[in-house]
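For reference, the structure is listed below as structure tokens.
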Amino acid sequence: MADAVDMLADLQVPEFAMAVERTKHWLIASDVADRDGIGVELYVNGNLVVEIFRDDTKKTREVTLYEKDVSLEYVEEAISKFKTEIPWEFLD
């Protein structure tokens, strides 16, 4: 067993193999069931991380974080995506 541990300790792992690849995808979706509006959702590795939603009933724009720690980069990217993809004006 000690030999196996020593062999693992001697392995040289390339830097690129140590980096964790994060896959991101965006969803632009409207909701008319529980609320009335449209928003953008950011998924990282298949998990919903952040949503920005324009609620036409309440006349608000809201950010919801679905993880405890969300990077500022993701939040800024979500804001930018929201501003370019979602019309700013509320609908009646």
Side-chain angles (χ1 to χ4, degrees):
M1 181 75 159
D3 289 335
V5 171
D6 290 338
M7 285 180 13
L8 287 174
D10 291 338
L11 286 177
Q12 297 295 318
V13 179
E15 256 184 70
F16 67 87
M18 296 173 66
V20 176
E21 182 72 24
R22 293 188 164 255
T23 58
K24 296 188 299 185
H25 75 271
W26 293 94
L27 180 66
I28 300 185
S30 63
D31 186 350
V32 294
D34 298 330
R35 52 194 181 168
D36 185 18
I38 189 168
V40 297
E41 297 175 346
L42 171 60
Y43 290 81
V44 178
N45 295 335
N47 298 314
L48 179 57
V49 174
V50 62
E51 173 196 57
I52 303 180
F53 188 77
R54 185 196 75 207
D55 190 313
D56 292 326
T57 302
K58 297 190 312 185
K59 307 283 191 237
T60 60
R61 294 170 195 88
E62 301 170 345
V63 177
T64 304
L65 304 177
Y66 289 92
E67 292 186 359
K68 182 177 182 262
D69 298 316
V70 178
S71 74
L72 179 59
E73 175 187 345
Y74 288 162
V75 173
E76 288 177 334
E77 193 174 346
I79 291 169
S80 177
K81 178 70 84 173
F82 181 85
K83 287 183 173 182
T84 58
E85 299 290 334
I86 305 301
W88 196 252
E89 299 78 25
F90 295 107
L91 302 179
D92 291 324

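For reference, positions follow the sequence shown, starting with 1.
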Quiz item: Would you say Tyr66 and Asn47 make side-chain contact, with heavy atoms under 4.5 Å?
Solution: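 When only atoms from C-beta onward are counted, Asn47 and Tyr66 do not touch, as no gap falls below 4.5 Å.
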Quiz item: Are the side chains of Lys59 and Asp92 in touch, meaning some heavy atoms are under 4.5 Å apart?
Solution: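 Yes. Closest side-chain heavy atoms under 4.5 Å.
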Self-check item: Aromatic Phe53 / basic Arg61 pairing, under 6.0 angstrom, 45° off normal
Solution: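 Negative - Arg61 is either too far from the ring of Phe53 or too far off its axis.
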Nearest 0.5 Å please: distance from the [atom1] atom of [X] over to the [atom2] atom of [Y].
X: Asp36; Y: Lys58; atom1: CG; atom2: NZ; answer: 11.5 Å
X: Asp31; Y: Glu51; atom1: CG; atom2: CD; answer: 8.0 Å
X: Ile52; Y: Glu41; atom1: CD1; atom2: CD; answer: 11.0 Å
X: Phe82; Y: Trp88; atom1: CZ; atom2: CH2; answer: 6.0 Å
X: Arg54; Y: Ile38; atom1: CZ; atom2: CD1; answer: 6.0 Å
X: Glu62; Y: Asp55; atom1: CD; atom2: CG; answer: 6.0 Å

Self-check item: Closest approach of Ala78 to Val50 (non-hydrogen atoms, all atoms of both residues)
Solution: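 Between these two residues, the closest heavy atoms are CB-CG1, 3.9 Å.
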Self-check item: Atom of Leu48, atom of Glu67 and distance for their closest heavy-atom approach
Solution: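 Closest approach of Leu48 to Glu67: O-CG, 4.4 Å.
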Quiz prompt | Passing option when Val70 is tested against Val49, Val63, Val44 for side chain to side chain contact (heavy atoms under 4.5 Å, CB included) | solution =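 With Val70 as partner, side chain to side chain contact (heavy atoms under 4.5 Å, CB included) holds for just one option, Val49.
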Quiz item: Under the side chain to side chain donor-acceptor pair (under 3.5 Å) test, which residues partner Thr23, sequence neighbours left out?
Solution: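 Expected list: Asn45.
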Quiz prompt | side chain to side chain donor-acceptor pair (under 3.5 Å) partners for Glu77, two or more places apart | solution =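 Scan of Glu77 (side chain to side chain donor-acceptor pair (under 3.5 Å), adjacent residues dropped) gives Lys24.
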Quiz item: Can you get from Val75 to Ile28 by hopping between Ile, Leu, Val, Met, Phe, Trp and Tyr side chains that sit under 4.5 Å apart?
Solution: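 They do share one cluster, since a chain of ILVMFWY contacts under 4.5 Å joins Val75 to Ile28.
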Exercise. Determine, using the 4.5 Å side-chain heavy-atom cutoff (strictly less than), whether Tyr43 and Ile79 are members of one ILVMFWY cluster.
Key: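 Result: no, two separate clusters.
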Practice problem: Report yes or no: do Tyr74 and Glu76 form a side-chain donor-acceptor pair below 3.5 Å? | Solution: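 Per modelled atom types, Tyr74 and Glu76 side chains form no pair under 3.5 Å.
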